[in-house]
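Comments concern the structure below.
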Amino acid sequence: KKAKTVKAQQILLAELEAHPAAWPFLSPVNQKSVPGYRKVIKKPMDFSTIREKLTNNQYLSLESFIMDVNLVFDNCEKFNEDHSEIGQAGHSMRRYFDKRWTELL
Ligand SMILES: Cc1ncccc1N[C@H]1CCCS(=O)(=O)C1
């Protein structure tokens, strides 16, 4: 793994975690308290899980890191109305991520 891309992934993830609209994505969705989530969302993902995988060197490519981040936002769009509070947070975070990783890499 090129050190440069690992560094960029660490910077990017720290920025996502610090974003004001990150709150719905910081921890795994509680599938016991969110009716329907387990059935509808086949591959749950959140920033703390991405943080764990990054710490354990589980991203063998930049693409696999970007895929997990996009999975967070795709799950959000699938489950939440666009104009709900969580739906809006998802759109805002995706726009931010798309802008930042193209600037950084
Ligand atoms: C991303 C998402 N999609 C669908 C339902 C819920 C969530 N996020 C929750 C995460 C824990 C805090 S919360 O319960 O307010 C929001």
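Basis for what follows: all heavy atoms, side chains included, without hydrogens, waters or symmetry-related copies.
From Lys4, atom NZ reaches atom CG of Leu62 across 9.0 Å, with rounding to the nearest 0.5 Å. For the atom pair CD of Gln10 and OG1 of Thr5, the computed distance is 10.0 Å after rounding to the nearest 0.5 Å. Atoms CD and NE2, from Glu77 and His91 in turn, are 4.5 Å apart once rounded to the nearest 0.5 Å. In this structure, Arg94 CZ and Leu16 CG are separated by 12.0 Å, a value rounded to the nearest 0.5 Å. Rounded to the nearest 0.5 angstrom, Leu13 CG and Lys53 NZ are separated by 12.0 Å. The structure places SG of Cys76 at 12.5 Å from CG of Asn70, a figure rounded to the nearest 0.5 Å.
Considering only residues two or more places apart in sequence or on other chains, Leu104 meets the side-chain contact (heavy atoms from CB on, under 4.5 Å) condition with Ala8, Ile11, Leu12, Arg100. Considering only residues two or more places apart in sequence or on other chains, Lys99 meets the salt bridge (charged side-chain N to carboxylate O under 4.0 Å, His left out) condition with Glu103. For Phe73, there are no ring pair (Phe, Tyr, Trp, His ring centres under 6.0 Å) partners two or more places apart in sequence or in a different chain. Residues meeting the side-chain hydrogen bond (donor to acceptor under 3.5 Å, both in side chains) test with Asp46, sequence neighbours left out: Ser48, Thr49.
Met67 forms part of no hydrophobic cluster, judged by ILVMFWY side-chain heavy-atom separations under 4.5 Å. Grouped by direct or indirect side-chain proximity (heavy atoms under 4.5 Å, Ile/Leu/Val/Met/Phe/Trp/Tyr only), Val34 sits with Val29, Tyr37, Val40, Ile41, Phe79.
Proximity of a side-chain donor or acceptor of Thr102 to a complementary backbone N or O of Asp98 within less than 3.5 Å is detected. No donor-acceptor pair under 3.5 Å is formed between the side chain of Gln9 and the backbone N or O of Leu54. Checked by atom type and distance alone, the side chain of Thr55 pairs as donor or acceptor with a backbone atom of Arg51 at under 3.5 Å.
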| Steps toward side chain to side chain contact (heavy atoms under 4.5 Å, CB included) verdict (Tyr59, Val6) | CA-CA 9 Å; Tyr59 291 115; Val6 171; over 6 Å; no
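Under the 4.5 Å side-chain heavy-atom criterion for ILVMFWY residues, a single connected hydrophobic cluster contains both Tyr96 and Ile50.
Between Phe65 and Gln58, every side-chain heavy-atom pair lies at or beyond the 4.5 Å cut-off. Taking the side chain as every heavy atom from C-beta outward, Lys42 and Asn75 never approach each other to under 4.5 Å. A heavy-atom distance below 4.5 Å is not found between the side chains of Met45 and Val69. Put simply, the side chain of Phe25 does not reach to within 4.5 Å of the side chain of His19, judged on heavy atoms.
Taking all atoms of both residues into account, the shortest heavy-atom contact from Pro24 to Ala89 is CG-CB, 3.9 Å. Glu17 and Ala22 get closest at one heavy-atom pair: O-CB, 3.9 Å.
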